[in-house]
Amino acid sequence: MDANRVSVFDTTLRDGEQSPGCSMNLEEKVRMARQLEALGVDVIEAGFPIASEDDFAAVREVARICRRPTIAALCRTTREDIERAWEALSDAAHPRIHTFVATSDIHLQYKLQKTREEVLDMAAGAVRLAKSFTDDVEFSAEDATRTDLDYLCRVVAAVIDEGATVINIPDTVGYTIPSEYAKIITTLKEKVPNIDRATLSVHCHNDLGLAVANSLTAVACGVRQVECTINGIGERAGNASLEEIVMALRVRRDLMPYETGIVTEELYRSSQMLSNITGVHVQPNKAVVGKNAFAHEAGIHQHGVLKNRITYEIMTPESVGVKTNSLVLGKHSGRHALNKKYEEMGYQLSRPELDKAYKLFTKLADQKKEIFEEDLLAILQDGFAQIPERYKLRAVQATAGTSTLATALVTLHDTGNDGAQTHTAAGDGPVAAVYEAIDRITGLNGNLIDYTVRSVTGGPDAVGEVFVHVEFDGTSYTGKAASTDIVDGSARAYLNAVNKALYARERKRAIKEEAASAG
Ligand code: KIV
Ligand code: ZN
């Protein structure tokens, strides 16, 4: 590979998914993985297979579907972990086992209760075992930046001797600063005799807001793989943001002459898709993909940009896939135009998918005059979730006012018995009343943890997206829906979470039954 090519290792589906509020179901992970493939990432870390049945299934499915990138599965150093990771990867076109163990004295003493020699043996043994399954083995020295540097050099040399092809030096707790990280990387390059037999990688957390700066410093020191996530999601303050690293390398090629395989025009779409799936919004002033990243408010700035964009713009919105003129279709647009627009946006719909999208489109076009790209995306996000819909909303009506108790009347279609049920309820507000009525019909008792509404497009007839986090029996589920009517959207977002909870319950029961009949 070209010496200046930096490999992009995306861990949105693993480290990112581990962060609060960012959990995704199987269908959502697969959808995101397809987009990551279109984005051009080199490696997709699809999960931690031993952690749960769901993680295992996600790695297996992503490995089956995404054939171009390398698919990585995370595991600790035990035989059971490694074998499970390999099992999940068995159908991958390009599998990678990613094994890790902590190497800092803090972790050795308080978490692992092991000596340095024991951990060194665990690391070497894990790579040896992983290597018996596949050639592509990555080793991560967790908490590397707080690890004694001589010891880190010994561990790295030992795992390369066992055949590790990628060595990751994570800043697990987001503690290091660029000058210190540079010293760690250059010391490894100078002191580890076999270092040239492996690719060096970094994985930075953002606790001090330095994840991107640290990653770029490491690249300048010779690291050729960066681990990062879309929108910078991840444990605590998150991981290094993929879009920021990639665009920094592209915009400042004069000082950082490195290439990635990223199709930068897919960055905005990837960011939007993730935020639509998880319900975790991108902060407006977020670099590269935030709503305001290309907005020029101050008159003097607007004046400059109108004369010549380079006065205040260091990259164009188009270069990251932000369309400045996104008006697309209207009420009279036909199925053909809709299909063509989706193709332009990068979506190939099957005939039944197009039929479904068109139905939703005509319904929406009846409610609002102009349909924007964002509306079309909302149609896809909302209408194509693959979770079986046990309950469907037939009708909802809510009343509220300053001096009256809010009440709601909800009718649901139960696809389980093909019947309809109606309930009324009262609540602190119209949405609470609607949710209470839904609970009475489904028999579930949801605890609403988070509720957000945002307008997807401007104007009084804008489509609003409603996101909810609801807890059922101690497990939290996300739900979302898009609608021009806030009460309707709120009801359908809640039902989306209800259907996910029922589906998860059903899957658990099926897995138990399968295990019982097998054993
Ligand atoms: O932050 C970290 O150290 C990790 C490793 C498992 C790579 O996520
Ligand atoms: Zn991490």
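Just so you know, ligand 1 is whichever comes first in the structure, and atom 1 is the first atom listed for that ligand.
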Gap between atom NE2 of His281 and atom NZ of Lys286 - 0.5 Å precision: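 Those atoms lie 15.5 Å apart.
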Phe472 to Ala501 - nearest heavy-atom pair and separation: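 Looking at all heavy atoms of both residues, the shortest contact is CD1-CB, 3.5 Å.
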Lys191, NZ atom: more than 12 neighbouring heavy atoms under 6.0 Å: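 Not buried by this count: 12 neighbours or fewer within 6.0 Å.
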Nearest-neighbour protein heavy atom for atom 7 (C) of ligand 1, which is reported as residue plus atom name and distance: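 For atom 7 (C) of ligand 1, the nearest protein heavy atom comes out as Ser140 OG, 3.7 Å.
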Protein contact of atom 3 (O) of ligand 1 - nearest heavy atom, named by residue and atom, plus distance: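 Result: Thr172 OG1, 2.6 Å.
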Any N or O of Asp15 closer than 3.5 Å to N or O of ligand 1: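 Yes; at least one N/O pair falls below 3.5 Å.
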Arg14 heavy atom under 4.0 Å from ligand 1: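 The answer is yes: ligand 1 sits under 4.0 Å from a heavy atom of Arg14.
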So if I count the atoms of ligand 1 from 1 in the order they appear, which ones are less than 4.0 Å from some heavy atom of [X]?
{"X": "Glu142", "answer": "3 (O)"}
{"X": "Pro170", "answer": "3 (O)"}
{"X": "His205", "answer": "1 (O)"}

Ion pair check, Arg76 and Glu142, cut-off under 4.0 Å: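 Not counted as a salt bridge, because no side-chain N and carboxylate O are separated by less than 4.0 Å.
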Angular separation of OD2 (Asp15) and NE2 (His203) seen from the Zn ion (ligand 2), to 10°: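 For OD2 of Asp15 and NE2 of His203, the angle centred on the Zn ion (ligand 2) reads 90°.
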Aromatic contact, Tyr175 with His205 (centres under 6.0 Å):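 So the answer is no for these two rings.
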Aromatic plane relationship, Phe9 with His98 - under 30° parallel, 30 to 60° tilted, over 60° perpendicular: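 Aromatic pair His98/Phe9 classed perpendicular.
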Heavy-atom nearest option to atom 4 (C) of ligand 1, drawn from His203, His98, Glu138, Glu45: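 The residue whose heavy atom sits nearest atom 4 (C) of ligand 1 is His203.
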Lys/Arg cation over aromatic Phe56: Arg84, 6.0 Å, 45° cone: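 Cation-pi check for Arg84 and Phe56: passes.
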